[in-house]
Each structure stands twice: as C-alpha cells, then as structure tokens.
Amino acid sequence: VIALAALLPVVGCVVFSRAVTGLRPLWSFGVLAIAWHGLLLRGFLNFSIAAGVALLLGAAWVAWRDAKPIRALAICVPGAVALFFCHLIGLIFFGILVASHELYVLWSRERTFLAAIRRSAVAASLFVLPAALYAMSDLHGTGGEVLYLSPGGKAALLVVPFANYHIELDVAALIAIVGIAAYGISN
C-alpha cells in the first residue's frame, strides 16, 4: 500500500502530462524527486492514493472526453465514486482538473452558450453520485473549524513536499525540482 501511495501520484503526473500535451516530455518525470514526500511520511496514504487516482482520471477525461465520451464517462463516474471513498480532497482535485479542461476547451474552441451548457452538464454528471453519497452521509453535518495559519506558518509548510528524514536528501530533492523545472521552462 505504501508503494502504491508513493508511485500512483508519480504515474498520474506523467500520464496527465501526456494527455494534456500529447508529448512525453522528460521534465514530467521531475515528480520522481518528491515521490517520497512529507505527507506520505506522515501517513496520509489515502490522500496520496487519491491524488494519483485523480490525476489518472483527469488524464482519461482529457484524452477521451471528445474522442470517446462514453468511455470517458464509464471510467470517470465510478472513479469519482472511488475518490469519494478514498479522500474528498482527491475528488475535489479531480473536479478542478475536469473543470479546467472544460474551461480550456470552451475558451479555445467552442465559444457558444449552448456548448457551455452541454459541456457543463456532462462534466457535472461525473459528480452526481458522489454528491448524493455526501448528502446521505454524516459528513455534511460534522463540525470542524478552519485553521487559518499566519503567512509565516504557510511559508513553512511549503517545504513539506521536500521534507524527508535527512536534510541532505531534502536539499537534493529541492535542487532537482528547481533544475528540472528550469529545464522544462527553457525547452
């Protein structure tokens, strides 16, 4: 399970990059530098798995939404339900990926009101079952206060993806990410 939680986000990033760009850029493998990240080390396995599944489902949506819409729905509807049971933030992340793709298509290709309604309805259909499950669950009635961190506290959390057990590995991961990002931007 730990290996799945570490590798699924990596595979998801690479596959999503391929679906969006249509290419296999080497810089998409830069995610390997943070595969063993701080949230994983803190035991948030469901979150890591959900992030990877959300990326894979987002890749399926991007790749097949227009070419094979029945296949996209057949994969993404049960996938959204699986994300609901795995981690709600993964479901929200998947929703962000779907919404950003739909907005991109509407902005770049289909600029009509009818197309916006049609595409929005199809995208919203992905989340009908998770919304029903949420309404039937006790989650919507549970309390919970939002924790607002100071700007310094938020800045300190920026190192979590790079934090491991050894400062040398943390610095090496940070250098690798910056180098790979610089390479990707320059090419």
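It should be emphasised that the depicted structure is a prediction, and the values quoted were computed from it without experimental measurement.
Residue Trp107 shares its hydrophobic cluster (ILVMFWY side chains chained together at separations under 4.5 Å) with no other residue. Residue Val62 belongs to a hydrophobic cluster whose other members are Phe16, Val20, Leu55, Phe93, Leu97, with links defined by side-chain heavy atoms closer than 4.5 Å.
The environment of Ile2 atom CD1 is sparse: at most 12 non-hydrogen atoms of other residues, nucleotides or ligands sit within 6.0 angstrom.
Clustering ILVMFWY residues whenever any of their side-chain heavy atoms sit less than 4.5 angstrom apart, transitively, puts Met136 in the very cluster that holds Val81.
Note that NE2 of His101 and CG of Leu106 are 9.5 Å apart. Values are rounded to the nearest 0.5 Å. Going from atom CD1 of Ile175 over to atom CD1 of Ile180 covers 12.0 Å, rounded to the nearest 0.5 Å. Note that the CG atom of Leu88 and the CG atom of Leu83 stand 9.5 Å from one another [nearest 0.5 Å].
Between Leu126 and Cys76, the shortest heavy-atom contact is CD2-CB, 3.6 Å. Heavy-atom minimum distance, Ala63 versus Ala67: O-CB, 4.2 Å.
For residues 91-100, no residue pair satisfies the salt bridge (Lys or Arg N to Asp or Glu O under 4.0 Å) rule, not counting sequence neighbours. Pairs engaging residues 82-102 under the salt bridge (Lys or Arg N to Asp or Glu O under 4.0 Å) rule: Arg65-Glu102, Glu102-Arg119 [sequence neighbours left out]. Screening residues 8-22 for side-chain hydrogen bond (donor to acceptor under 3.5 Å, both in side chains) gives no qualifying pairs among residues at least two apart or on separate chains.
For Tyr104, the side chain to side chain contact (heavy atoms under 4.5 Å, CB included) partners at least two apart in sequence or on another chain are Ser108. Remark: Arg118 engages Glu110 in a salt bridge (charged side-chain N to carboxylate O under 4.0 Å, His left out) (not counting sequence neighbours). Checked against ring-ring contact (aromatic ring centres under 6.0 Å, His included), Phe84 has no partners two or more places apart in sequence or in another chain. The side chain to side chain contact (heavy atoms under 4.5 Å, CB included) test applied to Ile75 returns Leu57, Ala60, Trp64, Arg71, not counting sequence neighbours. For Tyr183, the side-chain hydrogen bond (donor to acceptor under 3.5 Å, both in side chains) criterion is met by Asn187, not counting sequence neighbours. Among residues two or more places apart in sequence or in another chain, the side chain to side chain contact (heavy atoms under 4.5 Å, CB included) test is passed with Val128 by none. Remark: Phe47 engages Leu39, Phe44, His87, Ile89 in a side chain to side chain contact (heavy atoms under 4.5 Å, CB included) (not counting sequence neighbours).
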